[in-house]
Amino acid sequence: MKPLSIATALFGIVSTVLAAEPRQSKDILPKDFKPPQVFKNANLVHIISLEKNYAKEQINAVIENVSPELQDEYYVPFTADQLSRVGGFEVKDRKDAGAGRFVADVAEYDPLSDVQYYRIRLPTPLKAGGQQTLGISFYYLRAYKALPALIDQTDEQYLSYEFSIYAPSAYPTLKQKTEVKAGSAKIPDYTKLAGTGDVPEYPQKQGTKLTYGPFDEKPAGASSPATVRFEFTKPVIHISALERDIEVSHWGGNVAFEERYTIQHLGANLSTQFNRVKWAQSQFMNPNSHALKELRVPLQVGSDDAYFTDTIGNVSTSHFRSNKREAVLELKPRYPIFGGWKYPFTIGWNSNAANYLRRTATGGFVFRTPFLEGPKQAEGVEYEHIDLRVLLPEGAQNVKLLADIPESSIIEHTVGLHKTYLDTIGRTAVHIKARNLVDEFRDRELIITYDVSSSITLRKPFIVFASMLAVFTLAWAVGKIDVGFSKTKQA
Ligand SMILES: *[C@@H]1O[C@H](CO)[C@@H](O)[C@H](O)[C@H]1NC(C)=O
Ligand SMILES: *[C@@H]1O[C@H](CO)[C@@H](O)[C@H](O)[C@H]1NC(C)=O
C-alpha cells in the first residue's frame, strides 16, 4: 500500500469512530461539581511568561494517584473570567515526548459557576500510587492592564498582570515554586511576601525574572493574589477578528488567500492628541515606541501577487518580496497605531496549486496549508476570533479535516455549499471557527482530504486532531504522487 492510501485508510477508520460518537468538546457538569480528590501534586513548577502581548503559563507537575483505583482524569481550575480568555491549552508528558499531546477539553461551561475546569485525559490510566509528569501550557489573551492607563506618545508604557503566587490546582500540592518572567528588567512594582527558611522575602529578583517559593504543602484551591508591573516598549497587538478565506481552484491551478484583520492596540491610550511633528522627531531620536508601526507577514514560499488594503484603499507603503527561499509581506499602516486604536485591513496573495495540493493513490485530493499565517512580531500576536473558510472545487465531497491545533480551541466546524453564478452544483465550503489562539500556533497545519465527483452529498466533516498528524505528514512527505497541475498558472 502506498503511504497515502494507508493514511486514507486510517482516516476512514478514525472518521467511522467519530461518526458513530461525535466528540463533545463541552460537557456540562453539575454546578456543585468538585473534582474527586484522587491526586496530589508531588512537585510543581509554575512558569508565567509576560514577554509577549499575551501571557503564557506553563505548569510542570509530578502528579500522584492517591486513590486505590486506576485514575485517568486530571482537572485544572480556572475562574469564569479566565476561562473566557484562555486558549491554546495543551498537555504533554514531560518525560515522554513521544506520547504526543493528551486529550484535554473544557469540562464545564456554566457561566454562573465561579470555578470551571479543563479536564485532561491521561493516555494510560495511572495505577494507585503511580506518578506521571505533566507539562501543561496555555495562554491568556487580554492579559494586561496599562498602568498608567493614559500616557503621552513619547512616554514609557507599563503593563500590570495579576496572578496567584500558588499555582491554581484542584489538588493538594506538596511542593511548588512560581517563576514570573517580565517583559523587561524594569519592574517597578511587584507583590512581596515573607520568606521561609534562609530566604527573608519572596520573590527573589534576577534580571527580568521573579521567583516565589519553593513553598511547602498547600491545600487544593490555595490562592495568593499578586500583581507585577513592568515596562513594555512594544505595541500590545490584539486581533479581535481574523477572517481567513482560502479558495482552491483545480481549474485555474491556483490557491487564493484573503485575510481580513481587525487589529486593536490594547496598551496605554494617548493622554493628548497625536502630534505628527513630535512623532517624526521622536522617531529620529529613538525609534523604540509602544505604537504599532509595522507588521511583517512571512508567507509560504511561492506566494505571489500580494496586496494590502485598508478602509481608504491600497496602502502603497507595503513591501512584498518573493523568491525561491522566502516570501515576505511587510505592512506599514498609514499612521502609527496607539493604545485604544483599531486598524482594520485586508491582505491577500496567490500561489500555484502545486504548492498545496496532492493527488492520493485512490484518486482523491489532499490540501495542506498552515492553519494560521499572519504577522510574526517580536512582541507576539493574539487572536480572539478566527473564522477560517476553505472553498474547495465544485463537486468536492467526502471531506475530512485534520487541524493541528488544540481541540478546545475549535468552537465549530461545518461543510456547506457556496454558490456563485458560474457554478452548477456549488463549491464545497469548509468553515472552522476557532478562538483564543496566539502566533505560537502559526505553523500548525490544516489538512483537508476530499474526492471530486459530479453528484455530492455533504456531511459534517470529520475532524481529526494532533494525534494523527504524524501519519499525514509522513504520507505527504513520502507520497510524491503526480499532482496533475501544471507549474505555469492559467488565467
Ligand atoms: C492596488 O494595487 C495593485 C498593485 O499595485 C493594483 O493591481 C490594484 O489595481 C490596486 N487596487 C486599487 C483598488 O487601487
Ligand atoms: C482607551 O481607548 C478605548 C478606545 O477608544 C476605550 O474604549 C477605552 O475606554 C480607553 N481607555 C481609557 C482608560 O481611557
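Atoms within each ligand, like the ligands themselves, are counted from 1 in listed order. Everything numeric in this text was worked out from a predicted model, so none of it was measured. When reading the values below, keep in mind they use all heavy atoms of this one structure, side chains included, and skip hydrogens, waters and symmetry mates.
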task = Check each atom of ligand 2 against the heavy atoms of L150 and keep those under 4.0 Å away; list them by number with element.
result = 14 (O)
inquiry  = Show me which atoms of ligand 2 lie under 4.0 Å from any heavy atom of A149.
reply    =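 Going through ligand 2 atom by atom, the ones under 4.0 Å from A149 are 13 (C).
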task = Among all protein heavy atoms, pick out the one at the shortest distance from atom 4 (C) of ligand 2; state its residue, atom name and that distance to 0.1 Å.
result = G340 O, 3.3 Å
message = Students should be able to answer this: which protein heavy-atom is nearest to atom 9 (O) of ligand 2, and at what distance?
response =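 Looking at atom 9 (O) of ligand 2, the protein heavy atom closest to it is N269 ND2, 4.8 Å.
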For [Y], does the six-membered ring have the charged nitrogen or CZ of [X] within the cation-pi criterion, i.e. under 6.0 angstrom from the centroid and within 45° of the normal?
X    : Y    : answer
R444 : F371 : no
K192 : Y190 : yes
K218 : Y166 : yes
K52  : Y54  : no

request  = Please determine which of Y74, F78, Y75, F138 meets the ring pair (Phe, Tyr, Trp, His ring centres under 6.0 Å) test together with Y118.
outcome  = F78
ask   = From atom 7 (O) of ligand 2, is the closest protein heavy-atom distance below 4.0 Å?
value = no
query = For atom 11 (N) of ligand 2, is some protein heavy-atom partner under 4.0 Å away?
reply =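 It does; a protein heavy atom is within 4.0 Å.
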